[in-house]
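What follows is a short report on a single structure.
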Amino acid sequence: MNFLDDLNEKQQLAAAHINGPMMVIAGAGSGKTRVLTYRIAHLMRQGVDPFNILALTFTNKAAKEMKERIGSLVGMGEAKNISMGTFHSVFARILRHNSEKIGYPSNFTIYDTQDSRSLIKSIIKEMGLDDKIYKPGSVHGRISSAKNNLISPSAYEASAEIVGEDRMARKPEIYRIYKLYNERCFKSGAMDFDDLLFKTNELLRDFPDVLHYYQQKFQYILVDEYQDTNYSQYLIVKRLAAVNENICVVGDDAQSIYSFRGANIENILNFKKDYPDFQLYKLEQNYRSTKNIVEAANSIIARNVDQIKKEVWTSNDEGGHITVVRCATDNEEGRVITNKIYDLKQSTGCEYKDFAILYRTNAQSRSFEESLRKLGLPYKIYGGLSFYQRKEIKDLIAYFRLSANPNDEEALKRVINYPRRGIGNTTLDAVSVAALQYNTSMWNVLSDPHQFPLNISSGIRTKLSNFVTKIQGYNAKLELVPAYDLASDIATSTGIMRELYEDKTPEGVGRYENIQELLAGIKEFSVSQPEGTKATLADFLIDVALLTDADQETEEDLNKITLMTIHASKGLEFPHVFIVGLEENLFPSQLSLTSRTELEEERRLFYVALTRAQKSCTLSYVNTRFKWGQLITAEPSRFIDEIDSRFVHFENKLEKSGGGVSLKGFTRPSDFSKPTTSRMQERPSGVPKNLKKLSDTPTSSSSSGGTTQPLKVGYNVEHDRFGKGKVTGLEGSFPNQKATVFFPRVGQKVLILKFAKLTVLD
DNA sequence: ATCAAGGCTTTTTTT
DNA sequence: AAGCCTTGAT
């Protein structure tokens, strides 16, 4: 039997392509993952050894799923042997095998973004620069994009253009920070995310035997989401594919949403230049969404100037309109969307996993979380603060890292005084200075303190040497003791377990459980290793640095409502999608409004969001929203109006009235003191006029100084939603005065008076 | 060296 | 709102 029969004609042609370069331009929902999967299976059926296949995906989860699907077609035993994963994880492994060639230990550490920023921050301090001007985050961004374009520190320094840009931005020293940063990473035996690609390029460039080996090994190369690769990734692929030219790239320019991290649509154009005889396949039939959704999405993307023209179409049902909902506040948005999900589930009988709430920024998840929890609906948030970014997890992993690679300076600084062992900043600074002075790592100073002049008391010296001995002990066990055993040994013998166990606060209990979960994860990791291979803690570390919480998904997560950013939703699909927070300055983001290309990327992002939906798609926006603790007013996103109106239904559009609602730009709290602005919130009906609404008179009472507060502890008040209650506490002053009120119906609440619809009864 | 309190800033997006 | 950092007291 021929399993290619599962595909449509165009998909079949692409999947059956064997030798020579090929590109698949695939519209949203046109089954590109399917083509990739079947093509790999087909290759294997045709006798290609899975060891000779390299498939690069955008996420580890995508790799895992694709592997499973291929496994079900040709057998798991075989599928296992394909090299499949993200660029970062595949090449981290390759680097590990070849690390000594480029001067790194095989147990090199992978610095995450936090590590990088913290290192950059200390370098900025050491250089005596002002970290208000040289913000670690933006300096890192600059360095990162240099690396993604394969610009080394010396090339950076030599480029008049780049240094000129820095000078214009009043940050002329970045090239020096970059240089020092790289030196420090090297000395710490650490690579950052970008190094994983940069160093791979170095390795393949400078070691012809290595290049040759992998060219022979990877006879067939496939790259998914090609539109989101950067120059560094492009060049790795080009080098590896140079001999056999059996390269297949799959992508959709309309879904390019990662240019902020160096992704480059030009890679598609370069492909045409590099392999002029390549075969092009276009997939334009959408199998995912209703006609309305497909055409609405088309009408959006048509507004972009930068695009490869294609006609995405579907033979699916027409489906319902795209619904647009207006809400007063972010909290109401949470309630409204949650209720809609509840109703839709009741009426259609679908499952929780059929719903997704997609937003532009992680911070928006809060209001949805709250109302979902209130209604008792199960949900899972992806992204944001992931499991591996939690403090307690990072702390324990820092011990693991240090045990595997004692030169890892960021790990050292993290745990040398955690749990408290009386080694403070003064001591650490002294060690750091000595390390810099003698051009060595902090660990070398610590482990051989007599070699270095350290002005430190003997009591502290003992503490330091105890710490060193402890780490050396772990280090010695690294190759001998199984990963799980060593990990739990470290967790207990450092005192981390005890410290967390003794913390009986809910947060403390949670942290303790997280540690347990991490240890369980390590056990699982050990078990899942192929027969005969022993998994050390160092092996686990390579994995863990590149895991995200999509990889953490458990069985029970499988039937929950999904909450994630639109970026994270790429490649996924859901029957019912809610795209929330469609407001100017949020989506499109304020930061994207300066250039057409950035705005177009936001539009592509909206396109991606729309095309996640299979059956229905609902958009929402709010009139006022909290941002950084301040209430701001918002306008509906331009993207709403950009959808061809034939496909849209406005559920409760605000009628244009001359009144105060169409206020523009009143985003500052100072505007609240202007008398004309009429509070922006509609006065709830049902509040008798003779009752004094606090929120109507915030300015006169407090900002004019000295006048007594209209509210006192003990007053009886009434709230629109919570009912009657008694004030039990007041704190802060205008505009941030808060009242603690006890409502017999709902319990104690802390209300911000500026906004609370509170009425005094006495 | 440690801790508490108060001030200050926030990359939108992620490997 | 929340986390981070500085400051000041012990």
Side-chain angles (χ1 to χ4, degrees), chain A residues 56-63 85-92 110-114 116-118 121 125 131-132 135-142 144-145 147-148 191-197 225 228-230 232-233 256-263 330 358-367 382-386 388-389 391 417-418 420-428 457 459-460 463 545-551 564-570 581 583 585-593 598 601-602 604-606 608-609 625-631 732 736 738 750 752:
Chain A
L56 297 164
T57 58
F58 197 71
T59 62
N60 289 309
K61 191 182 166 200
T86 61
F87 273 88
H88 290 84
S89 65
V90 166
F91 295 114
I110 298 170
Y111 275 178
D112 66 14
T113 309
Q114 252 185 62
S116 297
R117 287 174 65 151
S118 126
K121 190 166 189 178
K125 261 206 184 116
D131 69 356
K132 295 281 184 302
K135 290 191 181 141
S138 67
V139 174
H140 181 230
R142 199 77 183 141
S144 175
S145 61
K147 287 187 178 180
N148 286 150
M191 295 193 201
D192 64 19
F193 285 137
D194 307 314
D195 282 335
L196 295 175
L197 308 176
E225 308 285 8
D228 284 325
T229 54
N230 59 38
S232 185
Q233 292 168 322
S256 164
I257 53 174
Y258 279 93
S259 71
F260 70 90
R261 73 178 210 211
D330 42 1
L358 307 180
Y359 35 76
R360 180 67 241 271
T361 68
N362 283 304
Q364 288 166 254
S365 66
R366 206 208 79 251
S367 63
Y382 294 82
L385 197 108
S386 84
Y388 295 104
Q389 288 172 317
K391 183 189 172 303
N417 198 31
Y418 176 81
R420 301 248 169 279
R421 46 174 76 86
I423 303 171
N425 282 331
T426 320
T427 308
L428 212 52
S457 75
I460 303 264
K463 287 173 182 168
L546 301 170
L547 284 182
T548 60
D549 41 284
D551 306 312
M564 55 172 54
T565 62
I566 299 164
H567 281 90
S569 76
K570 192 172 73 156
E583 295 132 40
N585 298 333
L586 179 61
F587 191 19
S589 153
Q590 195 162 14
L591 299 168
S592 72
L593 299 179
E598 282 178 277
E601 177 147 321
E602 294 284 308
R604 290 193 294 271
L605 193 57
F606 185 47
V608 167
R625 169 184 298 283
F626 268 100
K627 189 180 186 186
W628 292 332
Q630 292 281 308
L631 193 73
N736 293 315
K738 294 180 205 161
V750 179
I752 300 172

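In what follows, every chain begins at residue 1, and chains take the letters A, B, ... in the order their sequences are listed. Since we're looking at a predicted model, the values are computed, not measured. The figures here come from the full heavy-atom set of this structure, side chains too, leaving out hydrogens, waters and symmetry mates.
A:Ser118 pairs by the side chain to side chain contact (heavy atoms under 4.5 Å, CB included) definition with A:Glu410, not counting sequence neighbours. Annotation: ring-ring contact (aromatic ring centres under 6.0 Å, His included) contacts of A:His567 (sequence neighbours excluded): A:Tyr258, A:Phe260. A:Thr113 pairs by the side chain to side chain contact (heavy atoms under 4.5 Å, CB included) definition with A:Arg117, A:His140, A:Phe193, not counting sequence neighbours. A:Phe587 pairs by the ring-ring contact (aromatic ring centres under 6.0 Å, His included) definition with A:Phe606, A:Phe639, not counting sequence neighbours.
Whole-Å rounding puts the A:Leu631 CG to C:dA1 P distance at 11 Å.
Taking atom P on both nucleotides, B:dT13 is separated from C:dC4 by 16 Å, rounded to a whole Å. Between B:dT11 and B:dG7, the two P atoms lie 22 Å apart (nearest whole Å).
A donor-acceptor pair under 3.5 Å is absent between the side-chain atoms of A:Asn362 and the main chain of A:Thr565, judged by distance alone.
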Exercise for the section: Sugar-phosphate means primed atoms, P, OP1 and OP2; the rest is base. With that split, encode nucleotides 9-15 of chain B 5' to 3' as B, S or - using protein heavy atoms under 4.0 Å. Expected result: -BBBBBB
Completion exercise
B/S/- along nucleotides 5-10 of chain C (protein heavy atoms under 4.0 Å) is SS----
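Counting only N and O atoms by type, the side chains of A:Ser589 and A:Ser592 include no donor and acceptor under 3.5 Å apart. Looking only at atom types and distance, the side chain of A:Asp330 has no donor-acceptor partner in the side chain of A:Ser367 under 3.5 Å away.
Heavy atoms of A:Arg366 sit nowhere under 4.0 angstrom from any nucleic acid atom.
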Problem - Worked check of side chain to side chain contact (heavy atoms under 4.5 Å, CB included) between A:Glu598 and A:Leu591 - result: CA-CA 8 Å; A:Glu598 282 178 277; A:Leu591 299 168; 5.5 Å; no
